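Mind having a look at this structure? Questions to follow.
A, B, ... follow the sequence lines: proteins, then strands. Residue 1 opens every chain. Nothing here was measured: the structure is a model prediction, and the numbers come from that model.
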Amino acid sequence: MDKAYNPSSEGQIYDQWLKSGAFTPVVPKNPKEARLKKEPFTIILPPPNANNPLHAGHALFTVEDILVRYHRMLGDPTLWLPGTDHAGIETQFVFEKYLQKQGKSRFDYDRETLFKLIFDYVNENRDVAKTQMQRLGFSLDWTREKFTMDTDHIARVYAIFNRMVNEGLVYRDEKIVNYCTFCGTAFSNLEVEHKNVNSHLWYFKYPIVGEKDRFITVATTRPETMLGDTAVAVNPKDKRYSDLQGKKLLLPLVNKEIPIIFEDSIDIKFGTGAVKVTPSHSPEDYEMGKKFNLEFVRIFDYDGRANQNVPERYRGLFPNQLRQAVITDLTEAGLMTKIKDYSHEVGHCYKCGRPIEPITAPQWFVKIKPLAEPATKAVKSDEVKIFPARFKKSFLAWMKDIKDWPISRQIVWGHRIPVWYNLDENQTIMITFIDQKGETVTGNWETLIKTNSYQDIKKGLQSLIAPTDSKFYLSESDALKISPNVLQETDTFDTWFSSGQWPYSTLGWSPDGHHSPDFEYFYPTTVLDTMWDILFFWVARMIMMGIYATGQIPFKVAHMHSRVTDSKGQKMSKSKGNVIDPLVMSNQYGADALRMALVIGVAPGSDISLSEDKIRAQRNFVNKIWNASRFVEMLIDRLQERNPDLKISSEIDKSKLTTADKDILEKLNKITISTTKNLENYRFGQASEDLYQFFWHEFCDIYIENAKDRGEETISVLLTVLETSLKLLHPFIPFITETIYQNLQEKFNFKKELLISSSWPNEIKY
RNA sequence: GAGUCUAUAGCUCAGUUGGUUAGAGCGCUUCGUUGACAUCGAAGAGGUCAGAGGUUCGAGUCCUCUUAGACUCACCA
């Protein structure tokens, strides 16, 4: 044995595990009944982004590997199913940056070409994550690997979508949505980041029609949207305005008459008590617009520029430019009365960081209450147990006020919504396509078809926007029955609509009820482990979709782990330069050291500060284990030299035990019990720390030191403690423990077995 | 605006249902290398457990308030 442990052999060990089939559970013939007798232990891996290398956060899948290895050793049929995620907007965003470097943009391509480009790009990088997970020792069943772009997964997502449409759970509406004009897509509330912005409150006057020199002054943070105002609202109890029933205002700059409306929710004390109402560009105003049947005037287009609904001189301006122009013009007109400093929260795009533009746009929505209710019930009753418990609270709070879920995204990369429009039935569908000359053309079908062929439009299609009352079909063939002029919806699903269905889809759930044996055997799964930041995005959606599709919860325990931070507790980010690359670390110090460093002494749910120092310290621990076993072997060799007939065994002879023997065995039993208990309770930090203390400071520092002066009667205790420790440590540091375990077998002719497939230790009887 | 969490040794953090002199890793000081390991060993310095009050025979651990920080959610002009 070498003087120091060399982690470069870790790859060979992984291959051995792979070959042994230890990662792949056998599904019995009657999976349903078998499940009733003995329930398997199942984890579905949160699929990492298919085209990104792993970061330190992914290395935390160690937690799942610990659970999986522990349960495998307990003898449970154990499945840990790997996969990768196409990660819709995330990936498209990365790809667009890549295009940008080549001086191109997404607008240069038709939809189909762009999709193919991204697909190729992702495929090129897809194996990266896989190789890295293997390097970290994750005992995933690669024979069952899945990808969210697999056709069978997409088919299942489509099937569920169809069911939801038929059951009235999916609907179309032109509501106000969070729209990023730079990314060119709508987002759900969760994808909007609220940032505090130091801005101003602008006060300006709207003349009252028919009342000379009388005005209403409004206060607003968004003067530019006044061009789309269709009312001014005041509180009916506000005495300042009570004589204005039925009066109209003249909207400055536009010179249009708009009504004064009386709305209880208006705060009399805020500003002037009068609010300009822009139903097409503000969520609150949208509600008022609906309530008072106001006109909806959209002034911003999907590209963020002012459109034809504004006076000519403002057309084409972006919001901030328009703001300046409006302020200037209002000031010149003598209508601006006050500008006050004001800071408030403004929604920003979580991807590109630009301000979100609330606009009305036709989108697809999931009616969420019918899904949220059973999910809430399941979590409330702990049928799905959220751990640590405090996340249960925030889950329930979020579920309580949950809003309908906009599931359509105006991007190319993802599952295209399986809906077809017959254009002859829907003449006003707006279409954008690249024509034969390579120019981008936008218009409605009615107009476009006069100068273009259907084939050209279809071929160069970038996107379409169908009015909410458009007639659609759930299959292309149905749409084709009307006429050949058919286009599929160009929106794609929110990635979470797809990954929300991941647990039952990966296991082979079938819409026709003939599920795969895997599904019958492994579903519901046991544990779902992920970081808390996607509790709402993903965990909540999986619970809702799982119950909806299968009638059963998708997992029994949702274990939330925390964020890996740097040594100062700072979030790792490329811009800060404090990123620790798990691959670099495992190559330098060994995957075992990294794994140990990620879990040792970490309290459930608290941040995990990782540093090279910490990893180095764990490398030293791994090396200590190496040398301890090396010494045990050398000691036995020495004793064997003196007595060649010596039998080497870990069988304990009670009559020969000394106080030191009894002491270490008692401590070994204690650590066996506590490790088991801690693993059952997800206390990995405590478990690993206790093992570290026991092995190093009890076994090495005290017992082994003491054994140096003893004879052959110490051998069985040495071997017992060593072997048991290897087993207890194996889930945490699988490579070194497996290596030593096999060494011992070779050396002393023990029964041959892989540690990964060995049994979890019980208390030693002595 | 609503909610959650954190505050323990120079640094990063453990400390399960309250119970004997509060722990680890790294760092620091002194000493030790011819047969497991210097990726080591021995010894040691260092904490009024953020502050104030309360419950209790007993509080780092439970309650209240204060201060400081982190985070999540949210349509207030």
*Can the ring centres of A/F391 and A/F395 be said to be less than 6.0 Å apart?*
no
Would you indicate what A/K624 reaches in the nucleic acid, counting non-hydrogen atoms under 4.0 angstrom: base, sugar-phosphate, or nothing? base
Margin query: Please determine whether a side-chain nitrogen of the Lys or Arg among A/D690 and A/K670 lies less than 4.0 Å from a carboxylate oxygen of the Asp or Glu.
Written below: no
The side-chain contact (heavy atoms from CB on, under 4.5 Å) partners of A/H200 (sequence neighbours excluded) come to A/W202, A/I339, A/D341
Testing B/C73, B/U72, B/C37 for proximity to the side chain of A/N623, the answer is B/C37
(message) Measuring only the P atom in each nucleotide, how far is B/C31 from B/A70? A whole number of Å is fine.
(response) 44 Å
* Asked: Looking for any heavy atom pair under 4.0 Å, which part of the strands does A/L535 touch: base, sugar-phosphate only, or nothing?
  -> nothing
Sorted by chain and residue number, the side-chain contact (heavy atoms from CB on, under 4.5 Å) partners of A/H55 (sequence neighbours excluded) come out as A/H58
Determine, stepwise, if the pair A/N6 / A/S8 fulfils side-chain hydrogen bond (donor to acceptor under 3.5 Å, both in side chains). CA-CA 6 Å; A/N6 182 0; A/S8 69; 3.1 Å; yes
- Message: Regarding A/K385 and A/D382, does a basic nitrogen lie under 4.0 Å from an acidic carboxylate oxygen?
- Response: no
* To do: Go through the steps to decide whether A/Y692 and A/Q618 satisfy the test side-chain hydrogen bond (donor to acceptor under 3.5 Å, both in side chains), and finish with yes or no.
  => CA-CA 9 Å; A/Y692 180 103; A/Q618 296 313 315; 5.0 Å; no
A correct 5'-to-3' footprint of nucleotides 3-11 of chain B, with B, S and - meaning base, sugar-phosphate only and no protein heavy atom under 4.0 Å, is -SS------
When pairs are called at under 3.5 Å and a stem needs at least three consecutive Watson-Crick or G-U pairs, the stems of RNA chain B are B:1-7 with B:67-73, B:10-13 with B:23-26, B:28-32 with B:40-44, B:50-54 with B:62-66
Residues A/D661, A/R710: salt bridge by 4.0 Å N-O rule: yes
Quick note, A/K403 side chain, CB onward, closest among B/C75, B/A36, B/C73 is B/C75
Going by the angle between their ring planes, with limits at 30° and 60°, are A/Y703 and A/F699 parallel, tilted or perpendicular?
-> parallel
Rounded to the nearest 0.5 angstrom, the CD1-OH distance for A/I208 and A/Y241 is 9.0 Å
Hey, does A/F684 reach any base, or is it just sugar-phosphate, or nothing, if we go heavy atoms under 4.0 Å? nothing
Taking the inter-plane angle between the rings of A/W696 and A/F621 on a 0 to 90° scale, is it parallel (under 30°), tilted (30 to 60°) or perpendicular (over 60°)?
-> parallel
P spacing across the pair B/C49 / B/U8, given as an integer number of angstrom: 11 Å
Exercise. Within 45 degrees of the axis of the six-membered ring of A/F631 and under 6.0 Å from its centre: does A/K708 put its NZ or CZ there?
Worked result: yes
So CG of A/L668 and CD of A/E666: to nearest 0.5 Å the spacing works out to 11.0 Å
Sequence neighbours excluded, the answer for side-chain hydrogen bond (donor to acceptor under 3.5 Å, both in side chains) partners of A/T220 is none
> Under the 3.5 Å rule, do the base of B/A24 and the side chain of A/Q693 count as making a donor-acceptor pair?
Replying inline: no
For B/A9 versus B/C5, give the span between their P atoms, rounded off to a whole number of Å. 22 Å
**Item:** B/C73 to B/C62 separation - P atoms, rounded to the nearest Å
**Value:** 27 Å
Sorted by position of nearest nucleotide on RNA chain B, 5' first, the leading residue of A/R638 and A/S265 is A/R638
Of the candidates B/C13, B/U72, B/G41, the side chain of A/F536 sits closest to B/U72
- Message: Heavy atoms only, 4.0 Å cut-off, all strands: where does A/H281 land among base, sugar-phosphate and nothing?
- Response: nothing
Suppose we call a contact any N or O donor and acceptor under 3.5 Å apart; does that hold for the side chain of A/Q686 and the base of B/A24? no
Within residues 283-295 of chain A, those residues having any heavy atom closer than 4.0 Å to RNA chain B are A/P283, A/E284
- Item | Distance-only side-chain donor-acceptor flag, A/W538 / A/T530, under 3.5 Å | no
### Query
Quantified in whole Å, what is the P atom distance between nucleotide B/C65 and nucleotide B/C26?
41 Å
- Message: Keeping A/T278 on the side-chain end and A/H281 on the backbone end, is there a donor-acceptor pair under 3.5 Å?
- Response: no
Separation between CG (A/D229) and NZ (A/K276), nearest 0.5 Å, reads 4.0 Å
Under 30°, 30 to 60°, or over 60°: which ring-plane class applies to A/F387 and A/H559, parallel, tilted or perpendicular? parallel
Check: Does A/S606 place a side-chain N or O at less than 4.0 Å from the phosphate oxygens OP1/OP2 of B/A14?
Finding: yes
Write down the distance separating the P atoms in B/G60 and B/U48, rounded off to the nearest Å. 13 Å
- Using atom P of each nucleotide, how far apart are B/A68 and B/G51 to the nearest Å? 16 Å
Rounded to whole Å, CG of A/D701 lies from P of B/A24 at a distance of 12 Å
Ordered by number, residues from residues 597-605 of chain A within less than 4.0 Å of RNA chain B (heavy atoms) are A/G601, A/A603
For A/K571, the side-chain contact (heavy atoms from CB on, under 4.5 Å) test, sequence neighbours excluded, returns A/R563, A/K576
**Asked** Rounding to the closest angstrom, what is the interatomic distance between B/U6 and B/U16 at atom P?
**Response** 13 Å
Per atom distances to the A/W532 side chain, the nearest of B/C73, B/A36, B/U72 is B/U72
Between A/K205 and A/T337, the two heavy atoms sitting closest are CG-CG2, 3.5 Å
Quick note, A/N189 side chain, CB onward, closest among B/C75, B/G25, B/A14 is B/C75
To the nearest angstrom, the CZ-P distance between A/F621 and B/U39 comes to 18 Å
Going by atom types only, do A/T376 and A/E373 share a side-chain donor-acceptor pair under 3.5 Å? no
According to a strict under-4.0 Å criterion, is A/H344 in side-chain N/O contact with OP1 or OP2 of B/C75? no
Closest non-hydrogen atoms of A/T360 and A/P279, given as atom of the first, atom of the second and distance, are CG2-O, 4.2 Å
Polar pairs (N or O, both sides) under 3.5 Å between protein and nucleotides 16-21 of chain B?
none

At 4.0 Å (heavy atoms only), tell me whether A/K708 reaches a base, stays on the sugar-phosphate, or touches nothing. base
Within residues 629-636 of chain A, the residues having a heavy atom closer than 4.0 Å to RNA chain B are A/R630, A/F631, A/M634
For A/F537, the ring-ring contact (aromatic ring centres under 6.0 Å, His included) test, sequence neighbours excluded, returns A/W496
Rounding to 0.5 Å, atoms CZ (A/F204) and CZ (A/F215) come to a distance of 13.5 Å
Contact list (N/O, under 3.5 angstrom) for nucleotides 26-33 of chain B vs protein:
{"residue": "B/C26", "atom": "O2'", "partner": "A/D613", "partner atom": "OD2", "Å": "3.3"}

query = Reckon A/W696 touches a base, only the sugar-phosphate, or nothing at all at heavy-atom distances under 4.0 Å?
reply = sugar-phosphate
